[in-house]
Amino acid sequence: MKKSCIIIGAGLSGLTAAHELIKNNWEVIILDKGRGVGGRMATRRAGEARFDHGAQYFSTKTTDFQAFTHNIIQKNIAKEWNLQEGDKTFSHARIIGIDGMNTIPKFLAEGLNIKTNEKVISISETENGCKVTTEAGNFYESNALICTTPAPQTIEILQKSNLAFEEIESLQSIHYQPCITVMASLKNQTNIPSPGGISLQKGNISWIADNFQKGISPIFSATIHANPVFSLAHFDDDLTKIGNQLLSEITDLIPADSVESYQVHRWRYSLASERYADNFLASNTTKFPLIFAGDGFGIGSIEGAFISGKSAAQSLIL
Ligand SMILES: Cc1cc2nc3c(=O)[nH]c(=O)nc-3n(C[C@H](O)[C@H](O)[C@H](O)COP(=O)(O)OP(=O)(O)OC[C@H]3O[C@@H](n4cnc5c(N)ncnc54)[C@H](O)[C@@H]3O)c2cc1C
């Protein structure tokens, strides 16, 4: 009989883990609380405009991730974005999804058994493994479990679970930066130089992307990320006020009369700024294999999420 695994989270780490397990003849079900897949590799529409409002791009340093990236570029799922900073061209090419970052997880999700709108609230042990309970009142059982939610959300699940899990301090050591994001639909193209992405070192904004120049929006639109200090200080402020304040700081790049409308999104967890050193954490105390993975482990960011998910799955197969 095939071994089975529940994966919590349909972000890049969860999807990567699923492919690795299925390749090795495991049965996998992925549960995600979101309406769609991809987690923080998110692309949103507002009318005709399209925005990458979470992750903006990634680079590849490891051979494994380079092979994965090469494959999705060949399949026209991703492409290179020749981003520059001042006079400096990055030494590693920047990669983006062909129709936005979410194109990549959507491609990986094809053919997988994924239940969306399923928020996991607790985990318990069974005779053959574990049982997961969701907010909707559904139950799922498997022999093993990989949890890829950001560490604070993982801790929330564990606190409601009746498990002999003793490594909570390792999860508590993982921290994320918040990020407030403004998505603006525009009348004209921004003044951001080609190819449409700019990191800012002063003021309250860390990054602006021109999604039209980036090639993911058919009409003019921009994504603006507030820096972590501002995002933390203003996380619970009125969204319209925050949007106005941030847009008023960058009228040289986006003139005020170009802004048609905007939305603001709050990311409580964006980049994992303090991570667990290893690529994943396996419980030593539960009776069933329980593994924690995601971008809070190893090198972080999108490449780290990929490596973590893959390594977590491989540790089950061995
Ligand atoms: C604003 C922002 C900008 C970023 N910029 C970059 C960038 O430019 N380059 C880069 O490399 N990285 C960037 N990142 C980070 C990058 O997006 C993440 O490192 C990566 O996507 C993490 O993937 P993951 O699978 O580990 O986690 P996630 O993508 O967060 O996936 C976890 C999933 O778990 C689900 N979940 C949570 N709780 C539950 C629950 N109780 N039950 C069921 N499901 C649950 C969530 O819905 C989510 O889909 C950025 C992130 C943000 C937010």
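Computed over heavy atoms, backbone and side chain alike; hydrogens, waters and symmetry mates excluded. These numbers come from a predicted model, not from an experiment. Whatever order the structure lists them in is the order used to number ligands and atoms, beginning at 1.
With Arg268, Gln153, Glu135, Arg35 as candidates, the residue nearest to atom 37 (C) of ligand 1 on a non-hydrogen basis is Gln153. One option in Gln56, Arg40, Glu118 has a heavy atom closer to atom 17 (O) of ligand 1 than any other, and that option is Arg40. Residue nearest to atom 33 (C) of ligand 1, selected from Asp32, Thr149, Ile30, Ile7: Asp32 (by heavy-atom distance). Comparing heavy-atom distances from atom 2 (C) of ligand 1 across Ala10, Gly309, Gly54 singles out Gly54 as nearest. Distances from atom 6 (C) of ligand 1 to the heavy atoms of Ala55, Gly9, Ala17 put Ala55 nearest.
Of all the heavy atoms in Arg275 and Gly298, the pair that sits closest is NE-O, 2.8 Å.
In this structure, Thr148 contributes its side chain and Gly294 its backbone to no donor-acceptor pair below 3.5 Å. Within the 3.5 Å criterion, the main-chain N or O of Ser270 finds a donor-acceptor partner in the side chain of Arg40. The closest donor-acceptor contact from the side chain of Ser13 to the backbone of Gly309 lies at 3.5 Å or more, if one exists at all.
Atom 11 (O) of ligand 1 has Ile302 N, 3.0 Å as its closest protein atom, hydrogens excluded (heavy atom only). Among all protein heavy atoms, the one lying closest to atom 40 (C) of ligand 1 is Val120 N, 3.7 Å. For atom 52 (C) of ligand 1, the nearest protein heavy atom (residue, atom name, distance) is Ser270 CB, 3.5 Å. For atom 14 (N) of ligand 1, the nearest non-hydrogen atom of the protein is Leu271 CD2, 3.4 Å. The shortest contact between atom 32 (C) of ligand 1 and any protein heavy atom is with Thr148 O, 3.7 Å. Counting protein heavy atoms only, atom 26 (O) of ligand 1 is closest to Asp295 N, 3.0 Å.
Taking every heavy atom of Gly294 and a limit of under 4.0 angstrom, the matching atoms of ligand 1 come to 26 (O). Within ligand 1, the atoms closer than 4.0 Å to a non-hydrogen atom of Gly39 are 29 (O), 48 (C), 49 (O), numbered from 1 in the order shown. Within ligand 1, the atoms closer than 4.0 Å to a non-hydrogen atom of Met41 are 21 (O), numbered from 1 in the order shown. Using a 4.0 Å cut-off to heavy atoms of Gly11, the atoms of ligand 1 that qualify are 25 (O), 29 (O), 31 (O). Counting atoms of ligand 1 from 1 in the listed order, those under 4.0 Å from a heavy atom of His225 are 1 (C), 3 (C). Short contacts between ligand 1 and Gly38, defined as distances under 4.0 Å to a heavy atom of the residue, involve ligand atoms 29 (O). Heavy-atom proximity to Tyr57, at under 4.0 Å, picks out these atoms of ligand 1: 7 (C), 8 (O), 9 (N), 10 (C), 11 (O).
At a threshold of 4.5 Å between non-hydrogen side-chain atoms, the residues Asp99 and Thr43 do not count as touching. Considering only heavy atoms from C-beta on, Asn191 comes within 4.5 Å of Pro255 through its side chain. Counting heavy atoms from C-beta outward, Thr69 and Phe58 have side chains that approach closer than 4.5 Å.
In summary, the side chains of Thr223 and Asp52 do not present any donor paired with an acceptor at a separation below 3.5 Å, with no hydrogens or angles considered. A donor-acceptor contact closer than 3.5 angstrom links the side chains of Ser4 and Asn143. At a cut-off of 3.5 Å, with distance as the only test, no side-chain donor of Thr286 or Glu125 sits close to an acceptor on the other residue. Judged purely by distance below 3.5 Å, without hydrogens or angles, the side chains of Thr134 and Glu118 pair a donor atom with an acceptor atom. Using a 3.5 Å distance cut-off with no hydrogens or angles, the side chains of Asp210 and Thr190 do pair a donor with an acceptor.
Between Ala305 and ligand 1, not a single N/O pair is under 3.5 Å apart. Note: an N/O pair closer than 3.5 Å links Lys33 and ligand 1 by distance alone. Considering backbone and side-chain N/O atoms, Ser13 comes within less than 3.5 Å of an N/O atom of ligand 1. Checked against a 3.5 angstrom limit, the closest N/O atoms of Leu12 and ligand 1 fall inside it.
Following chains of ILVMFWY side-chain contacts shorter than 4.5 Å, one can reach Leu239 starting from Ile250, so the two form part of one hydrophobic cluster.
Contacts of Ile8 with ligand 1, taken as heavy-atom pairs under 4.0 Å, involve the side chain alone. Using a 4.0 Å cut-off between heavy atoms, Ile157 contacts ligand 1 through its side chain alone, with no backbone atom that close. Contacts between Glu303 and ligand 1 below 4.0 angstrom, taking non-hydrogen atoms only, are absent altogether.
Ring planes of Phe297 and Tyr276: perpendicular class, angle over 60° (limits at 30 and 60°). Using cut-offs of 30° and 60° for the angle between ring planes, the Trp267 and His53 rings count as tilted.
Under the 4.0 angstrom criterion for non-hydrogen atoms, Gly296 is not in contact with ligand 1.
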